[in-house]
Enquirer: 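Below are the structure tokens for one structure; questions will follow.
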Amino acid sequence: MEGPIMIKTEKVLHLNSSKGRKVRVVREHYVREQVPCGSSLCQADCLNDGKVLSGDVTHYVVPDVGVVRDFLEILEFRELQGIVFTQTAYQSVQHTRGRRHYNRLRALLKDPRHDCVLFANEFQQYCYCPRDKGESQDKWHTRNVYNAAVWYYNHLAGLQPVVMITEDNDAISEFSALNSGVYVISTREYLLSFWPDLQAAHDLYNSIAQTLQERESEGVEKVYTEHLPAEVLEAGIKSGRYIQGILSVNKHRAQNEAFVRYEGSASKNTELNSDVLINGAKLRNRAVHGDMVVIELLPRNEWKGRTMALTEGQGEEQPLEETQSQPMPSGRVVGILQRNWRDYVVTFPPLEEVQSQSRNSQKILVIPWDYRIPKIRISTQQAEALQDQRVIVRLDSWESTSVYPSGHCVRVLGKAGELETEIQTILLENCIHVPPFSEAQMCYYKKMPVNTEENRWQMASSEVSSRRDLRDTHLVFSIDPKGCEDVDDTLSVRTLPGGKRLELGVHIADVTYFVREGSLTDLEARSRATTYYLADRRYDMLPAVLSADLCSLLGGVDRYAMSVLWELDAETLDVCTVWYGRTLIRSSYQLHYELAQSLLNGEEVEVPELSQLKGSQRDQKLAKLLQALETLTRVARHLRAQRDKGGALELEGVEVRAQLDEEKNITALVPKQPLEVHETVAECMIYANHWVARKIQESFPHQALLRHHPPPKQDFFNHLIDCAKARGFSIDTRSNRALADSLEQAVDPQDPLVNRLLRMMATQAMSNALYFSTGACPEEQYYHYGLALDRYTHFTSPIRRYADVLVHRLLIAAIQLEKEGSLSKPLASNKELEELAQHINNKNRVMKLQDKDSKTDERCVADAVIYAVRANGFLAFIPQYGVKGAVYLKDREGQVVSVDGDGRCEWKAGTLQRYPDRISSCTSTGTHTFYLFSHVTVRISVEPSRCHADSLCLELVSNKPHCPVQPESQPAGRGRSELVQEVVRRAEEASLQAERGRKPKLSREERQFRQSRTPNLYVLLQEISELALLDLSVCQITNTEEQTCTASS
Amino acid sequence: MAGLELLSDQGYRLDGRRACELRKVQARTSVFAQADGSAYLEQGNTKALAVVYGPHETRGSRSKSLHDRAVINCQYSMATFSTAERKRRPHGDRKSSEMSLHLKQTFEAAVLTELYPRSQIDIYVKILQADGGNYSACVNAATLALVDAGIPMRDYVCACTAGFVEDTPLADLCHAEESGGGTSLALALLPRSGNIALLQMDARLHQDHLDALIEAAMTACKGVSKVLDGVVRQHLEEVSVLTRD
């Protein structure tokens, strides 16, 4: 056999067999001379492909097994460069720390921004040393790592000093004396002598070290039952005795209620198709929200119902037996398959509380920002310095002897209540990590085309000749929200010579031209996956020079584009031919929605692009534009009608836009007015997406990135059907067509809100639309339920979504395939694509949640509609602000609301009676009943909270609908609005200052911060779990797919 | 626990081989004097002993004999100590009779049985240590034993397994890789003609990957054939040196 010479050795392992017996296993182990070292200083011509350590660092560092296992977080600092991970340490992490930790290490090694490599020392002939008889495993590992370090030093011919860091003091004394050019020192010493300025790393080191020390001196009294071993769990799941699922904790009863939802195929048991309730901390057995757990069902007589009463605040838990619902399947956690711990933001308690706790040790209980996470035990000596600060904490472990999990501090965010801290908190709690674009990337951009006053960006002549030029032939325009900077789609429509055919064109910014696959920009965009929008700022996926300028299809300048052009029959509007390709365009008009709508309505409005022109020339141009808009509207109506026939759903979402006055304060929150032109643009985008999806799926049947929307589960519709019944409507949910039709009919002529509410409920019942790779899914699952299309993808917003960038690349490859019959390079395989799809899906979900968080804004007294009834109150929706909340009819003293003659409400002694569709309060003054869908007036106020996000509080004012005349109730809701105003104002100032330096000509007054926040709502639906816990959630109602496109256009 | 990573990001397998590298193959022929042909073969840690008797008259009932060619009788067995846990292995259990049948089919395709009508060739194979790829070790050992017995064959029969992990075909699986739950394909090849004597695969595999997998297995078989050829030639040299005097 040719090839490298390998030497066969044997390794003896002692493993546990499936029956639990110890078995001696002999495994082969091949070692060879040629193992790539992964350093650019290599003198021996190693075959180094992929990541290579840079040569211009002062030393290389080889961490020992124990360091990698316990202090990986320190090695994650990007400042630490030249790290050589040994295979010994790598595998030890895999075996001892589980998959999550291991995956983090893998990600670190793959990340091109970290200067570290993996060296397969155990396969290197001269590095590997077999384990001696009677040698402990740790010693053996350390010896191996040391050998590797020595080999590395010699392999590089002594060009680079090598430092081995270890936590094992014996090893330091044993090896440092050998004096072979390799320094062996402890981690602490290493940080002190090599990174004295990296304070964050020192703090983190101390924090972890202390936690490790504490863990050794733990008590022994068991609080929880032990988890079962993994083999038993696996066998139990297979046999159906245990159930596997993701634990989700009820936000409002975090201590008591948690639910487990089945994972896919596990739900064979039809009797148990609902969630399983886990009642109380004992039964939850150390599982934390989001963990993948294994549960065992309790016997039927121990089943409990979920609490139906609305609870005020957290903490006080009175078991209210009479308010429980029907008993539902209940279970207990017997094991945890996978922890899903992330970084948590916590607040340190004030000092007086600390002192009472920390009698015996330096342990402090801190309170996480997220209600669903239990308190965390932390050992620190900085308790005084940290009080009232928000701190990032990582969980380490949760022993069965401890009531609370233990963790360690990672980083201090800042003082609670400060704007910057709070925004960081929101970002972190949603796992969004957006550092500013790094220096290396910035250097990279310097090589990229710039576009400044003196140095105009020019199109390359080779590009001009290879692209189809639409600059003179087509009237291209864009319609976007006011003040939008990142214009990624434009439209064109014209009648072809002869008049028989129409040509409709959608032109999308050609981002892939600027963002080459595998470049730093691409990697960064991929890890960010989308642009994040907050109320007062946004975190771009692409650097500003691209997103707001070179890629953006601004009016009056030449830009590259990817176009889809359809030739339609002028009469029937059927598609005759489709053309896809790269083009050159120059957008003639940059319209905004309101302007376009006014033009269509025939109103006299000023088009900025035409204000320079005069007289007939201007009228002529205006007429041309108007005609294009009208044709577009006609085409869009036709497309919409066609999709309606297929059963497309129109769902309801409320969008609020903040109106800013001159001083950038929020003057009012205005629900967004839907205009027809929104729908027109959206329809064209959906059409483009659909046709691109068809094209790439046909070209690459196994590796195209599409987006599907699985049909919702029928039982999620129960609430909707019940509510509709209360109003006398029947809702048919058997298919999307039936649902659309029955929603269409469920209109109360007196109250348009009823229909909107019903649509909102339908929206909540939906599952999320997801990206997928066509190879990973059978063809019948490609269907998009909400849009009623057989294939769909995202193509139209490459500036904001990474998925679109991928689709662009696929489309280009498809065009190339057609032209040349071959591909210049292999495409991402199905698997890679699927992984990417998962990544993007996660990021999108995250973004949606985060968006929700930043949107809690309210004002005083408003009209509300009852949409669900609970045992001690009801849930109301406030259309004006698009918020939902709970209204209590019974306070803590047991008094209930009574209503007097003119509708005023008072607290009095009495009783409440709850029916499926109404709730009555019975007092001395009489009985009053609140029905579903009836209007009431509520007062909104904000309940501030130190550790958590402020919450919204609704109070019943009157049972009459609120009269639209605004009373002088302005100050009532100040807390929150002030905060938000403050938020907006400061950020505005900051960004103004920053912007002033660079782009003085942009008129900031026109910029509205909510302008383009819609696209991130394109994932239609609220998380399903919200539905299960449909309570107090101040939920924002998400959007429909079509509205997404509206905004993205 | 985290499942074993069969193929690391750097392209190493559990035992340090790369995807297309074989385990170390060592073999010796004529290990038993009383048999007509015998061979001992190690493929990594899988060790097999093959013994061939025949061609001889059909034993037992005459009805089994064929008038135009020889009958091949195969028997496969595993030693009680061949696996990590000692286990009594009764004769003729399902697994070994299936394996016997596969061996029989393989060698019927390779041995020129028509030269010996109405006779019988016995091939006994025993696995002394099992570490994945039992079938291929048996075939390779039996081939050497047949050569040693001087029974005419069309070509060497070489066998090897191949698996499929993370879109990469792996040649010559060891026990840990076989039991990892992935696909495993066993292939017996007549290397010079490129004819396949037997092909077996139990798990599911996407059709697109099948060609790549078979290709990998065939390359591996050709590698094995070189080793076997070397063993036979070396044995021949030794024997000729001994008989010269």
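Within every chain, numbering begins at 1; the chains are lettered A, B, ... in the order of the sequence lines, protein sequences first and strands thereafter.
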Enquirer: Look up atom NZ in B/K24 and atom CD in A/E28, then write down how far apart they are to the nearest 0.5 Å.
Expert: 10.0 Å
Enquirer: Are there over 12 heavy-atom neighbours, none belonging to B/R28, within less than 6.0 Å of that residue's CZ?
Expert: no
Enquirer: Go through A/E122, A/R106, A/H29 and name the one with the most non-hydrogen pairs under 4.5 angstrom from chain B.
Expert: A/R106
Enquirer: Out of B/Q10, B/Q129, B/K222, B/H175, which one racks up the most heavy-atom pairs below 4.5 Å with chain A?
Expert: B/Q10
Enquirer: Within a strict 4.5 Å, meaning less than it, do heavy atoms of the B/N45 and A/E10 side chains meet?
Expert: yes
Enquirer: Any Lys/Arg nitrogen of A/R27 or B/D15 sitting under 4.0 Å from an Asp/Glu carboxylate oxygen of the other?
Expert: no
Enquirer: For A/V35, is it the side chain, the backbone, both, or neither that has a heavy atom closer than 4.5 Å to a heavy atom of chain B?
Expert: both
Enquirer: How long is the span from the CG atom in A/L109 to the CG atom in B/D9, to the nearest 0.5 Å?
Expert: 8.0 Å
Enquirer: Before giving the answer on side-chain hydrogen bond (donor to acceptor under 3.5 Å, both in side chains), spell out for B/E5 and A/Y102 the whole-Å C-alpha distance, their side-chain angles and the decisive distance to 0.1 Å.
Expert: CA-CA 11 Å; B/E5 191 181 48; A/Y102 176 61; 2.7 Å; yes
Enquirer: I want to check something: taking the side chain as every heavy atom from C-beta on, are B/Y12 and A/Q87 in contact at a cut-off of under 4.5 Å?
Expert: no
Enquirer: Measure B/R18 against the heavy atoms of chain A and call it side chain, backbone, both or neither at under 4.5 Å.
Expert: both
Enquirer: As a quick check of understanding, evaluate side-chain contact (heavy atoms from CB on, under 4.5 Å) for B/E21 and A/R32, giving each step before the final call.
Expert: CA-CA 12 Å; B/E21 288 171 347; A/R32 61 183 82 210; 2.8 Å; yes
Enquirer: What part of A/F123 is in contact with chain B, defined as an atom under 4.5 angstrom from a non-hydrogen atom: side chain, backbone, both or neither?
Expert: side chain
